[in-house]
Amino acid sequence: MRVPFLDLSRHHAPILTEMETAMQDVLRSGHFIMGPNVKSFESEISQSLGVKHAIGCGSGTDALLLSLMAMKIGPGDEVITTPFTFFATVGCIVRVGARPVFVDIDSTYNLDLEKLKEAITPLTRAIIPVHLYGRMCDMERLQQVIGNRPISVIEDCAQSIGARQNGKSSGAWGDTGCISFFPTKNLGAIGDGGMIITDRDDLADDLRMLRVHGAKPKYFHRFVGLNSRLDELHAAVLRIKQRHLATWNEARFRIATLYDQALKGLDLVLPAAAPTGMNIYHQYPILAPRRDELHSFLKSAEIEAGIYYPLGLHLQECFASLGYQRGDMPFTEYCESRILSLPIFPEMTEEEVEFVAGTIRRFYEG
Ligand SMILES: *Cc1c(COP(=O)(O)O)cnc(C)c1O
């Protein structure tokens with residue numbers, strides 16, 4: 001049995017005709033940038049996530065970059081985040097000229113909030129919690145740690161759309177929340193796309209200017225911004241997919257529960273239990289002894305698995321000037337050689353889950 005990591009063809013099959021029609025409508029309308037679908041999709045997202053503003057942009061990376069720009073974070077500022085995330089989280093901090101300050105992760109793979117306290121300095125302008133693998137960082141505790149210090153929060157929600165803590169969406173807790181519609185994310189476009197959500201009117205105004213070269217009205221530039229918009233074609237497709245997101249996230253949760261049961265008793269660390277809704281299982285990561293051997297064993301059984309991430313960002317060549325060394329982020333470095341994400345997607349069958357789990361069991365038990 002061949003088990004793909006993610007099967008977008010299977011995922012789209014039930015809504016393919018609807019998607020094709022929507023794409024044709026956009027093509028025939030001749031309206032490709034900032035059209036009616038973008039407008040509607042922005043208001044649909046702001047409603048479903050319970051925030052005042054949703055601002056489409058070119059990618060999740062740009063959502064982070066635009067947030068930092070809107071907050072006027074730059075040289076001399078420190079931004080705290082995790083080294084165990086996709087490159088974009090940290091790349092954007094360096095792009096605006098600020099200094100990334102790394103805090104190691106805990107067993108939820110998110111910022112260790114105990115260690116976070118010690119990393120805050122008078123130069124700290126913002127914190128970027130990443131809700132990695134779809135598991136939310138504890139935002140109530142994060143807010144307690146920050147207290148009344150003037151520190152902004154930019155949530156990296158690229159992997160967590162639809163996750164909630166006490167009923168409040170990921171992305172709605174911080175000053176801004178940054179969403180990615182990269183095709184493999186839980187809500188994926190048919191190319192690159194992103195969105196920033198916020199309750200702050202001042203930031204929303206500036207973000208709407210920043211995504212069109214800082215102009216308002218057109219050709220009158222208040223800031224030096226970017227050209228970063230969500231295309232009409234993507235918005236049309238995303239509007240259709242968005243209606244299924246809750247059902248898809250529930251299906252992922254069911255698959256995660258099946259894995260939990262089927263892998264019990266093995267010498268593996270399974271994802272930490274989370275209060276209801278706080279994990280939408282973008283990934284199902286395990287910590288596995290002899291990870292690389294297991295990875296090859298799965299591959300030879302035609303099961304695809306993924307390594308997110310093989311090297312902490314504090315140790316990347318391009319960030320060498322920050323001065324971090326091996327040993328500085330012990331749990332991140334432990335995960336580098338043990339983490340393995342198993343296949344998970346809403347249409348995955350029970351038989352597929354059992355085949356994956358059974359193959360892992362065979363690897364360890366012979
Ligand atoms: C995917 C991702 C991003 C970047 O999103 P793009 O849309 O690919 O630019 C940022 N942060 C995390 C954690 C991601 O997984």
Side-chain angles (χ1 to χ4, degrees), residues 5-6 8 41 45 54-69 79-96 100 102-103 105 108-111 126-137 139 153-163 170-171 174 176-197 207 210-211 226-231 233-235 237-238 241-242 249 252 271 279-285 306-314 316 319 332 335-336 339 341 344-345:
F5 190 61
L6 163 70
L8 283 178
F41 181 55
I45 286 284
I55 299 142
C57 64
S59 66
T61 302
D62 282 357
L64 291 160
L65 185 61
L66 288 163
S67 294
L68 289 160
M69 289 168 77
V79 179
I80 300 176
T81 193
T82 145
F84 199 60
T85 175
F86 178 60
F87 179 82
T89 317
V90 179
C92 294
I93 300 171
V94 175
R95 266 271 145 266
V96 296
F102 292 115
V103 166
I105 50 170
T108 66
Y109 305 112
N110 291 321
L111 277 177
I127 297 173
I128 309 185
V130 181
H131 307 297
L132 200 71
Y133 306 134
R135 164 67 141 101
M136 272 184 80
C137 179
M139 293 306 290
V153 174
I154 299 169
E155 295 179 68
D156 184 334
C157 308
Q159 303 187 4
S160 71
I161 188 166
S170 71
T176 65
C178 301
I179 299 169
S180 165
F181 301 122
F182 186 78
T184 61
K185 302 288 160 84
N186 285 29
L187 179 59
I190 46 170
D192 281 309
M195 191 165 270
I196 307 136
I197 58 174
L207 286 163
L210 283 166
R211 70 175 166 179
L226 308 177
N227 171 13
S228 182
R229 296 166 296 218
L230 181 66
D231 288 325
L233 200 56
H234 293 309
V237 165
L238 287 164
K241 293 185 73 176
Q242 206 259 134
N249 282 348
R252 285 171 179 272
N279 194 344
I280 45 104
Y281 291 95
H282 173 60
Q283 304 285 2
Y284 188 91
I307 297 173
Y308 308 105
Y309 298 90
L311 182 64
L313 294 176
H314 65 300
Q316 298 286 342
F319 299 140
T332 292
C335 292
E336 283 170 6
I339 201 83
S341 287
I344 188 165
F345 53 95

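Both ligands and their constituent atoms are indexed starting at 1 by order of listing. The structure displayed is predicted, hence computed values, not measured ones.
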Legend entry - Closest non-hydrogen atom pair, I128 against L111: O-CD1, 4.2 Å
Inset, instruction - Check each atom of ligand 1 against the heavy atoms of V130 and keep those under 4.0 Å away; list them by number with element. - result: 13 (C)
Legend entry - Y133 and its ring-ring contact (aromatic ring centres under 6.0 Å, His included) partner, picked from Y308, F86, Y109: Y109
Legend entry - Enumerated ligand 1 atoms positioned under 4.0 Å from heavy atoms of T85: 13 (C)
Inset, instruction - Have a look at K185, H282, Q283 and point out the one with the heavy atom closest to atom 1 (C) of ligand 1. - result: K185
Inset, instruction - Please write down residue, atom name and distance for the protein heavy atom closest to atom 15 (O) of ligand 1. - result: Q159 NE2, 2.8 Å
Inset, instruction - Identify, by atom number and element, the atoms of ligand 1 in contact range of T89, meaning under 4.0 Å from any of its heavy atoms. - result: 11 (N)
Legend entry - Check: G60 N/O within less than 3.5 Å of ligand 1 N/O: yes
Legend entry - atom 11 (N) of ligand 1 - nearest protein heavy atom and its distance: D156 OD2, 2.8 Å
Inset, instruction - Check the pair F181, D192 against side chain to side chain contact (heavy atoms under 4.5 Å, CB included), reporting the backbone distance first and the verdict last. - result: CA-CA 6 Å; F181 301 122; D192 281 309; over 6 Å; no
Legend entry - Min N/O separation S180 to ligand 1 under 3.5 Å: yes
Inset, instruction - Consider every N or O of T61 and every N or O of ligand 1, then say whether any pair is closer than 3.5 Å. - result: yes
Legend entry - ligand 1 atoms in contact with A88 (distance to a heavy atom under 4.0 Å): 4 (C), 10 (C)
Legend entry - Smallest separation among heavy atoms of S67 and C178, with atom names: OG-SG, 3.4 Å
Inset, instruction - Kindly give the heavy-atom pair with the smallest separation between R135 and N110, and that separation in Å. - result: O-ND2, 2.9 Å
Inset, instruction - Measure up the Y309 and F84 rings against each other and bin them: parallel (under 30°), tilted (30 to 60°), perpendicular (over 60°). - result: perpendicular
Legend entry - Heavy-atom pair of closest approach, residues M195 and A54: SD-CB, 3.8 Å
